[in-house]
Student: 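I'd like to ask you about the structure that follows.
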Amino acid sequence: MLKIGGAAPLNPPLPPQPYRHSCSRRNYFSSNLMASSRRLRAFKRWMKSQGIQCSDTLDFIDCPRQGISVRALSDLHEGDVVAKIPKTACLTIKTSGAREMIESAGLDGHLGLSVALMYEKSLAQDSPWAGYLQLLPPQECLPLVWTLGEVNSLLSGTELHKAIKEDKTLMYEDWKENILPLVYSAPQSLNPSSFSVKEYFAARSLIASRSFQIDEYHGFGMVPLADLFNHKTGAEDVHFTSVSPNQEYEDDVGSENGDNNELSKISGHDKRDSTCENSYIHSDSESDYSSVTGEDPMMLQMIMVREVKSGDESLSKMRSSLMDCGFKCTGLTFKENRSLFELGLKAFYSTTSLFFYASQVFNTYGSLGNAALLHRYGFTEANNPFDIVNIDLELVLKWGCSLFSSRYCRARLSLWRRINISGSVSENSEYFEVSSDGEPELELLTLLYIMLLPDDTCHKLDISICTADKVSANIGMILSEKHDITWSTSSEISKDLLLTEKVCRALLALADIRESCYGSKSIDEDVEALKRCCMTERKLYHSLMLRISERRILEKFRTYATAGAQSPTFQDANGTSTTRKRLKTH
């Protein structure tokens with residue numbers, strides 16, 4: 001029996017079997033579709049039992065290769081409430097059967113939710129969340145759960161390489177110091193295999209990719225249904241919200257993104273941005289508020305934030321969707337593949353032809369580059385406008401020491417810091433971002449400029465630091481003398497004036513040093529490898545996407561350095577507008 005998206009069951013006739021060995025592949029794919037259908041039906045029954053309300057205009061499609069997506073069966077309009085989820089249906093520390101054990105051990109945050117998730121999974125069908133948990137994969141394919149060998153071979157040189165190795169070390173220590181003692185000291189009998197280090201890492205991968213901040217009381221947790229909407233950068237269709245008793249409008253319920261400090265380095269966003277994205281709803285006076293507004297403060301909502309038209313997908317996209325669901329990578333001959341494709345086409349048309357005309361409804365996880373997407377969610381996007389590459393201060397000093405003495409470099413770095421300029425700071429490093437268009441931060445250009453100043457000019461700058469009225473006035477004084485420019489207190493430093501011939505050569509040298517981190521393979525070899533790679537090889541595919549996207553930025557970085565900037569852009573407040581960026585200060 002084949003049933004897709006709640007449509008009527010169908011027993012499609014099998015096509016002729018031209019080759020005996022193809023039957024196992026065909027039956028394997030058919031059984032996968034049937035299993036997918038069964039688990040969706042079980043999930044829908046579970047949602048109904050938990051009071052989760054889902055609009056009839058939404059349907060779930062479960063492809064064996066691509067996983068679950070949410071589709072619109074009819075037009076959706078801005079402001080439509082397409083789902084309501086009771087907070088009691090969310091898996092959190094507060095709602096888990098392991099709450100007392102977790103709280104008595106003093107665990108919270110990632111650790112506490114990980115224990116709650118592992119505990120409920122250990123109960124299997126006896127867990128109140130069994131209908132939801134059976135829909136989840138054992139783990140998400142995040143670099144966190146890759147082997148150390150895979151991390152070293154696939155992520156070498158990328159922004160993720162060091163971060164993932166540190167994550168794995170710290171999380172193992174968390175498990176050893178907190179989870180392992182809990183298993184053997186818990187008042188109830190626990191199966192150690194359900195709380196092993198492997199299960200802990202698996203739970204952390206699910207939490208990293210699927211959890212949401214719910215409210216002040218529950219903290220963050222697993223939110224059934226809300227975690228089925230796929231991400232698309234800059235294309236948010238639906239918003240996960242909760243009614244706030246303290247505000248006139250609804251607030252965002254943010255996805256849990258882990259360590260903000262480390263993520264800021266690989267996403268291009270500082271900690272303040274992450275805090276804003278991961279906002280939660282204050283629950284004070286919820287009962288009073290609900291009596292006035294009629295809204296249930298214990299209910300989360302999913303609301304459309306823009307119109308989604310059904311029927312937007314063309315026939316070619318329909319067929320492409322089917323192929324991506326598993327026909328493309330079966331290894332069958334063309335003749336076998338075609339017969340299997342026609343069988344699938346006939347079955348899908350007969351059961352739920354609306355699927356082909358149903359647009360996917362997307363959530364968005366934020367404005368994230370590919371390093372952050374792969375770190376948190378296990379995938380990347382082509383032509384991601386939020387990609388970045390970082391130049392560590394350590395690399396800048398390595399370049400400096402290749403030209404000057406270590407003492408010289410330390411002195412110039414100290415002078416740079418004394419004018420209250422800094423790079424971006426993560427927990428263990430200081431770095432400078434290069435944007436997706438290849439443009440470096442002004443702070444890096446300023447440091448290189450100071451490193452390359454003649455000794456007498458540098459001495460003059462050193463003396464001026466104590467008397468300058470403005471942070472940028474120190475550098476401004478030097479530039480005004482060198483370029484015969486009138487300086488005023490309202491002036492700002494332009495990047496173009498800092499791009500001297502020596503600074504441009506320094507940028508090219510830094511690009512080469514950063515490029516060498518990727519090893520001996522060229523970017524062309526990476527591109528060819530990606531062309532040969534099937535998307536089902538997720539680790540290889542997405543690591544290549546990350547490598548290539550970063551190396552493309554370095555190519556643009558070289559172009560930026562080579563071209564330099566010739567026109568004067570050092571203007572006062574009344575001058576013509578040019579691209580400027582203020583120095584970051586302490």
Side-chain angles (χ1 to χ4, degrees), residues 140-168 205 208-209 231 233 262-269 365 367-392 394-395 398 424 426 429 431-440 507-561:
E140 292 291 352
C141 190
L142 309 188
L144 173 66
V145 297
W146 298 3
T147 66
L148 189 58
E150 289 171 334
V151 171
N152 287 332
S153 63
L154 297 178
L155 297 177
S156 179
T158 68
E159 295 300 325
L160 276 186
H161 189 205
K162 182 179 178 182
I164 295 301
K165 292 171 70 174
E166 290 176 351
D167 284 350
K168 291 174 77 71
S205 73
S209 60
H231 164 84
T233 297
E262 186 56 54
L263 285 174
S264 67
K265 183 176 180 181
I266 61 179
S267 66
H269 295 261
Y365 306 156
S367 301
L368 305 175
N370 278 335
L373 286 176
L374 184 55
H375 190 208
R376 302 180 193 181
Y377 307 110
F379 66 89
T380 56
E381 290 184 321
N383 304 314
N384 190 327
F386 301 103
D387 275 336
I388 60 167
V389 168
N390 293 322
I391 305 291
D392 285 353
E394 181 181 346
L395 291 185
K398 179 180 179 180
S424 300
S426 183
S429 64
Y431 59 94
F432 307 94
E433 293 177 4
V434 179
S435 64
S436 60
D437 60 2
E439 185 172 348
L507 292 175
L508 289 173
L510 288 175
D512 291 340
I513 295 173
R514 182 64 182 83
E515 180 76 31
S516 68
C517 298
Y518 296 103
S520 58
K521 288 187 178 180
S522 67
I523 185 173
D524 291 335
E525 290 177 290
D526 282 345
V527 171
E528 287 302 315
L530 182 63
K531 290 178 181 178
R532 297 191 301 268
C533 180
C534 180
M535 284 191 68
T536 54
E537 303 174 81
R538 291 188 60 183
K539 297 175 184 178
L540 177 59
Y541 180 86
H542 291 296
S543 62
L544 283 171
M545 283 283 289
L546 177 60
R547 282 170 60 90
I548 292 170
S549 64
E550 290 183 357
R551 299 179 85 170
R552 292 290 190 212
I553 293 175
L554 288 177
E555 287 181 340
K556 297 175 183 177
F557 183 50
R558 289 190 180 90
T559 300
Y560 177 90

Student: Going through the checks in order, is the side-chain contact (heavy atoms from CB on, under 4.5 Å) test met by Arg532 and Leu540?
Tutor: CA-CA 11 Å; Arg532 297 191 301 268; Leu540 177 59; over 6 Å; no
Student: Rounded to the nearest 0.5 Å, what separates atom CG in Asn152 from atom OG1 in Thr147?
Tutor: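 Going from CG on Asn152 over to OG1 on Thr147, the span is 8.5 Å.
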Student: Can you tell me if Asp437 and Ser435 form a side-chain donor-acceptor pair at under 3.5 Å?
Tutor: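 Ser435 and Asp437 do have a side-chain donor-acceptor pair below 3.5 Å.
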Student: I'd like to know if the side chain of Arg547 and the backbone of Gly157 have a donor-acceptor N/O pair within less than 3.5 Å.
Tutor: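 No, Arg547 side chain to Gly157 backbone: no donor-acceptor pair under 3.5 Å.
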Student: If you compare all heavy atoms of Gly378 against all heavy atoms of Leu142, which two are closest, and at what distance to 0.1 Å?
Tutor: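 Distance-wise, the nearest heavy atoms are N-CD2, 3.1 Å.
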Student: Would you call Glu159 and Arg514 a salt bridge, using N to O less than 4.0 angstrom?
Tutor: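 Looking at Glu159 and Arg514, the cut-off is met.
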Student: Locate the shortest heavy-atom distance separating Leu368 from Tyr377; write the atom from each residue and the value.
Tutor: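 Shortest heavy-atom separation between Leu368 and Tyr377 comes out as CD1-CE1, 3.8 Å.
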Student: Does Ser436 offer a backbone N or O that forms a donor-acceptor pair with the side chain of Lys556 under 3.5 Å?
Tutor: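 Confirmed, Lys556 side chain pairs with Ser436 backbone.
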Student: Under a 3.5 Å distance rule, please check whether His542 uses its side chain to pair with a backbone N or O of Thr380 as donor and acceptor.
Tutor: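 It does hold such a pair.
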Student: Quick one: are Tyr541 and Thr536 in side-chain contact, heavy atoms under 4.5 Å?
Tutor: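 Answer no - side chains too far apart.
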Student: When you measure from the side chain of Ser549 to the backbone of Leu546, do you find a donor-acceptor pair of N or O atoms at a distance under 3.5 Å?
Tutor: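 Yes.
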Student: For Arg551, check side chain to side chain donor-acceptor pair (under 3.5 Å) against everything at least two apart and list the hits.
Tutor: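 For Arg551 the side chain to side chain donor-acceptor pair (under 3.5 Å) partners, ignoring immediate neighbours, are Glu515, Asp526.
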Student: Measuring from Asn370:CG to Leu160:CG, what's the distance to the nearest 0.5 Å?
Tutor: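 CG of Leu160 is found 9.5 Å from CG of Asn370.
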Student: Ignoring hydrogens and angles, tell me if any N or O in the side chain of Ser543 forms a donor-acceptor pair with the backbone of Leu155 under 3.5 Å.
Tutor: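 No; zero donor-acceptor contacts below 3.5 Å.
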Student: Donor-acceptor pair, distance only, cut-off 3.5 Å: does the side chain of Ser426 make one with the backbone of Ser429?
Tutor: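 No, Ser426 side chain to Ser429 backbone: no donor-acceptor pair under 3.5 Å.
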Student: Would you say the side chain of Pro440 lies within less than 4.5 Å of the side chain of Tyr560, judging by non-hydrogen atoms?
Tutor: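 Of all side-chain heavy-atom pairs linking Pro440 with Tyr560, at least one is under 4.5 Å.
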Student: If we ignore hydrogens and angles and just use 3.5 Å, is the side chain of Asn384 paired with the main-chain N or O of Phe386 as donor and acceptor?
Tutor: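 Side chain of Asn384 to backbone of Phe386: a pair is present.
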Student: Measuring from atom CG of Leu373 to atom NE2 of His231, what distance do you get when rounded to the nearest 0.5 angstrom?
Tutor: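 Rounded to the nearest 0.5 Å, the CG-NE2 separation comes to 4.5 Å.
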Student: If I compare all heavy atoms of Trp146 with all of Lys168, which pair ends up nearest, and what's the gap?
Tutor: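 Reported closest heavy-atom pair: O-NZ, 2.7 Å.
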Student: Can you tell me how far the SG atom of Cys517 sits from the CG atom of Asp512, to the nearest 0.5 Å?
Tutor: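 Output value for this atom pair is 11.0 Å.
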Student: Ile388 versus Tyr431: any side-chain heavy-atom pair under 4.5 Å?
Tutor: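 With C-beta onward as the side chain, the pair stays apart.
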Student: Can you establish whether the number of heavy atoms outside Glu394 located under 6.0 Å from its atom CD is more than 12?
Tutor: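 No - once you tally the heavy atoms of other residues, nucleotides and ligands closer than 6.0 Å, there are 12 at most.
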Student: Sub-3.5 Å donor-acceptor pair from the side chain of Glu528 to the main-chain atoms of Glu525, do we have one?
Tutor: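 No; zero donor-acceptor contacts below 3.5 Å.
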Student: Any sub-3.5 Å donor-acceptor pair from Arg558's side-chain atoms to Gly438's backbone N or O?
Tutor: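 Here the side-chain-to-backbone pair does not exist.
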Student: Measuring from Thr559:OG1 to Leu554:CG, what's the distance to the nearest 0.5 Å?
Tutor: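 So the OG1 of Thr559 and the CG of Leu554 are separated by 11.0 Å.
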Student: Could you tell me whether a side-chain N or O of Asp387 sits under 3.5 Å from a main-chain N or O of Glu550, the two making a donor and an acceptor?
Tutor: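 Such a contact is absent between Asp387 side chain and Glu550 backbone.
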Student: How far does CG of Leu144 sit from CG of Leu374, to the nearest 0.5 angstrom?
Tutor: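 The CG atom of Leu144 sits 11.5 Å away from the CG atom of Leu374.
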Student: Determine whether Glu140 and Val145 satisfy the following criterion, side-chain contact (heavy atoms from CB on, under 4.5 Å), listing intermediate values before the conclusion.
Tutor: CA-CA 8 Å; Glu140 292 291 352; Val145 297; over 6 Å; no
